[in-house]
Visitor: 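Next up is a structure, given as structure tokens.
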Amino acid sequence: MEFGFSQEQEMLRATARRFFENECPSAFVRKMMDDPAGTTPEFWQKLAEQGWLGLIYPEAYGGAGLGLVDLAVLMEEMGRAVVPGPFFSNVLLGGLALLDAGSEDQKKEWLTRIASGEGKVPLAWTEPNARWDAAGVTLAAKETRGGFVLSGTKLFVHDAHTADALVVAARTGEGATPEDGVSLFLVPGGAPGLNVKLLPTMDQTRKLCEATFAGVTVGHEALVGEKGRGWMPLAKVIDKATVGLCAEMCGGALKVLEMTTEYAKIRIAFGKPIGSYQGVKHKAADMLVDAENAKSITYYAAWAVDQGVPEAPLAASMAKAYVSDAFRRVAGTGIQLHGGIAFTWEHDLHLYFKRAKGSEFAFGDATYHRERVAQLIHL
């Protein structure tokens with residue numbers, strides 16, 4: 001793999017940083033925390049105009065045809081700005097599920113709409129059993145003459161309340177392994193029997209929902225991919241989304257480090273900047289080690305998953321296991337070195353700490369991914 005970024009990737013980084021500095025200052029983030037939609041139509045359309053909503057989709061569907069490493073560059077800049085809204089849930093979750101498993105008609109309709117900013121299609125995957133593996137998919141999809149009837153509950157569904165449609169993981173049967181019998185369905189957002197409730201969250205920049213399916217009926221054309229074989233493409237989507245989340249967390253960690261070192265240079269205690277004291281220097285150095293290690297393992301995972309190499313699932317879990325802890329440590333140390341000012345609502349550090357805690361548990365915390373790493377290396 002190449003260890004440096006291409007000229008195009010550096011241009012993407014610079015463009016994204018300028019864009020988010022201008023269009024997504026902390027005042028906008030705070031406003032969107034209180035807005036149930038989590039974004040504005042104007043901001044969402046600006047993302048579409050930049051081409052970022054379709055960055056990793058083929059040009060045939062209105063995208064730019066770039067790879068996961070390119071998307072990781074963008075996600076890192078999004079993490080620096082704590083960008084709110086449904087970008088993650090649509091581009092990396094529902095959209096990638098359709099790209100990997102959908103029919104040509106489904107992709108032409110929905111990926112084109114996502115890329116243009118005209119459609120939102122999140123992924124409904126996790127359930128109240130709090131499992132991240134295939135065994136956690138228990139929502140029943142009973143086949144009938146006219147299609148399927150979905151019954152059950154999905155929990156922690158990103159942005160389901162603003163969805164035009166949902167990609168839903170459901171169980172259409174049992175097999176030799178939990179992976180057998182999982183199917184994916186494209187369910188309209190306003191389908192009869194579908195009830196969506198917005199959940200309170202620690203990180204208000206993320207809008208999570210409970211989606212209850214009370215006998216939701218869909219036709220056979222709603223099936224995404226093959227019946228009973230939906231877990232394999234879904235697992236690949238989850239790995240890609242996990243890496244994207246890690247990139248976002250890296251951006252947040254690096255921004256906290258930047259904010260903290262700048263503060264340490266101007267905060268005077270006992271006649272000199274606190275950054276001159278050894279205790280502060282060492283903590284800042286630990287923050288740098290955490291942030292740079294997180295970035296290194298994340299971009300390796302992005303390359304591995306993008307290339308589809310055999311160790312891709314291992315790389316994705318290694319990244320999430322490390323970055324989950326690293327971002328939390330960096331954010332916590334940043335607050336500690338800022339002192340009491342960091343605990344005030346007016347200071348932006350709490351935005352990053354909340355994002356760190358919320359992201360730590362999304363798609364499995366460090367404990368879950370360490371166990372997955374152990375299984376993948378046959379321990």
Side-chain angles (χ1 to χ4, degrees), residues 29 31-41 43-44 47 53 78 82-98 110 113-114 117-132 136-141 149-171 182 184-218 222 224 230 234 237-238 241-242 244-245 248 354-355 357-365:
V29 176
K31 184 178 179 180
M32 292 302 98
M33 290 168 71
D34 296 327
D35 190 321
T39 190
T40 64
F43 181 73
W44 191 249
L47 292 179
L53 298 184
M78 286 187 157
V82 201
V83 175
F87 180 93
F88 192 89
S89 61
N90 286 279
V91 177
L92 278 90
L93 290 173
L96 282 182
L98 290 170
W110 288 104
R113 291 182 62 182
I114 292 173
E118 297 175 357
K120 296 185 176 70
V121 190
L123 172 67
W125 156 41
T126 52
E127 301 188 9
N129 55 45
R131 297 189 62 140
W132 302 97
V137 179
T138 63
L139 185 144
V149 178
L150 279 60
S151 301
T153 299
K154 291 292 181 182
L155 202 58
F156 308 125
V157 183
H158 290 254
D159 305 299
H161 63 306
T162 60
D164 296 297
L166 288 167
V167 177
V168 182
R171 188 160 293 279
V182 174
L184 301 177
F185 296 92
L186 188 59
V187 180
L194 173 59
N195 298 300
V196 176
K197 179 175 70 174
L198 197 61
L199 300 173
T201 59
M202 179 179 183
D203 175 15
Q204 296 97 328
T205 65
R206 301 285 199 205
K207 308 301 181 182
L208 302 181
C209 302
E210 176 186 77
T212 303
F213 295 78
V216 175
T217 301
V218 295
V224 179
L234 180 58
V237 169
I238 295 168
T242 298
L245 180 62
E248 185 185 77
K354 288 182 176 182
R355 176 62 68 87
K357 289 298 295 181
S359 299
E360 178 183 0
F361 292 97
F363 308 115
D365 62 1

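Being a predicted model, the structure only gives us computed values, none of them experimental.
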Visitor: Using 0.5 Å steps for rounding, measure from the OG1 atom of T162 to the CH2 atom of W44.
Guide: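 The CH2 atom of W44 is 8.0 Å from OG1 of T162, to the nearest 0.5 Å.
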
Visitor: Could you please spell out the steps behind the side-chain contact (heavy atoms from CB on, under 4.5 Å) verdict for N90 and L53?
Guide: CA-CA 8 Å; N90 286 279; L53 298 184; over 6 Å; no

Visitor: Measure the spacing between NZ of K354 and CE of M202 and express it to the nearest 0.5 Å.
Guide: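 Here the interatomic distance stands at 7.0 Å.
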
Visitor: side-chain contact (heavy atoms from CB on, under 4.5 Å), that's the test. Do M32 and T40 meet it? Break it down for me.
Guide: CA-CA 8 Å; M32 292 302 98; T40 64; 3.7 Å; yes

Visitor: Looking at every heavy atom in both R206 and F88, which two are closest together, and how far apart are they?
Guide: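 Closest heavy-atom pair between R206 and F88: NH1-CB, 4.0 Å.
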
Visitor: What's the verdict on side-chain contact (heavy atoms from CB on, under 4.5 Å) for V83 and F43, showing C-alpha distance, side-chain angles and the deciding distance?
Guide: CA-CA 11 Å; V83 175; F43 181 73; 4.0 Å; yes

Visitor: side-chain contact (heavy atoms from CB on, under 4.5 Å), that's the test. Do L92 and F87 meet it? Break it down for me.
Guide: CA-CA 8 Å; L92 278 90; F87 180 93; 3.9 Å; yes

Visitor: At their closest point, which heavy atom of V237 faces which heavy atom of L93, and how far apart are they?
Guide: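 Reported closest heavy-atom pair: CG1-O, 3.7 Å.
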
Visitor: Mind listing the closest non-hydrogen atom pair of L139 and A169 along with its distance?
Guide: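 Looks like CB-O, 4.3 Å.
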
Visitor: Taking T212 for the side chain and T153 for the main chain, is one N or O donor matched with an acceptor at less than 3.5 Å?
Guide: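 Absent.
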
Visitor: Would you check if V168 and L184 make a side-chain contact, meaning some heavy-atom pair closer than 4.5 Å?
Guide: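 No, too far: nothing below the 4.5 Å cut-off.
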
Visitor: For a quick test of reading the model, state the closest non-hydrogen atom pair linking P86 to K120 and the distance between them.
Guide: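 Minimum heavy-atom contact is CG-CE, 3.7 Å.
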
Visitor: Answer yes if the side chains of D203 and T205 hold a donor-acceptor pair under 3.5 Å, and no otherwise.
Guide: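 A donor-acceptor contact under 3.5 Å links the two side chains.
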
Visitor: How long is the span from the CG atom in L194 to the NZ atom in K154, to the nearest 0.5 Å?
Guide: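 Going from CG on L194 over to NZ on K154, the span is 12.5 Å.
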
Visitor: Out of curiosity, I238 CD1 to W132 CH2, how far, rounded to the nearest 0.5 Å?
Guide: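 Separation between the atoms: 9.0 Å.
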
Visitor: Do you know the tightest heavy-atom contact between R171 and V137?
Guide: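 Closest pair (atom of R171, atom of V137, distance): NE-O, 2.8 Å.
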
Visitor: Examine distances only and state if a side-chain atom of K207 and a backbone atom of V157 form a donor-acceptor pair shorter than 3.5 Å.
Guide: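 Such a contact is absent between K207 side chain and V157 backbone.
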
Visitor: To the nearest 0.5 Å, what is the distance between CZ (R113) and CG (D164)?
Guide: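 Output value for this atom pair is 5.0 Å.
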
Visitor: Provide the closest heavy-atom pair for V187 versus V216 in the form atom of the first, atom of the second, distance.
Guide: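 That closest heavy-atom pairing would be CG1-CG1, 3.9 Å.
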
Visitor: Among V224, V121, V167, find the residue that satisfies the side chain to side chain contact (heavy atoms under 4.5 Å, CB included) test when tested with W110.
Guide: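 Single pass found, and it is V121.
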
Visitor: For the residue pair L199 and L155, establish whether any side-chain heavy-atom pair is separated by less than 4.5 Å.
Guide: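 Yes, at least one pair of side-chain atoms sits under 4.5 Å.
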
Visitor: Mind checking the CD-CG spacing from E360 to L245? Nearest 0.5 Å is all I need.
Guide: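 It is 11.0 Å, given to the nearest 0.5 Å.
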
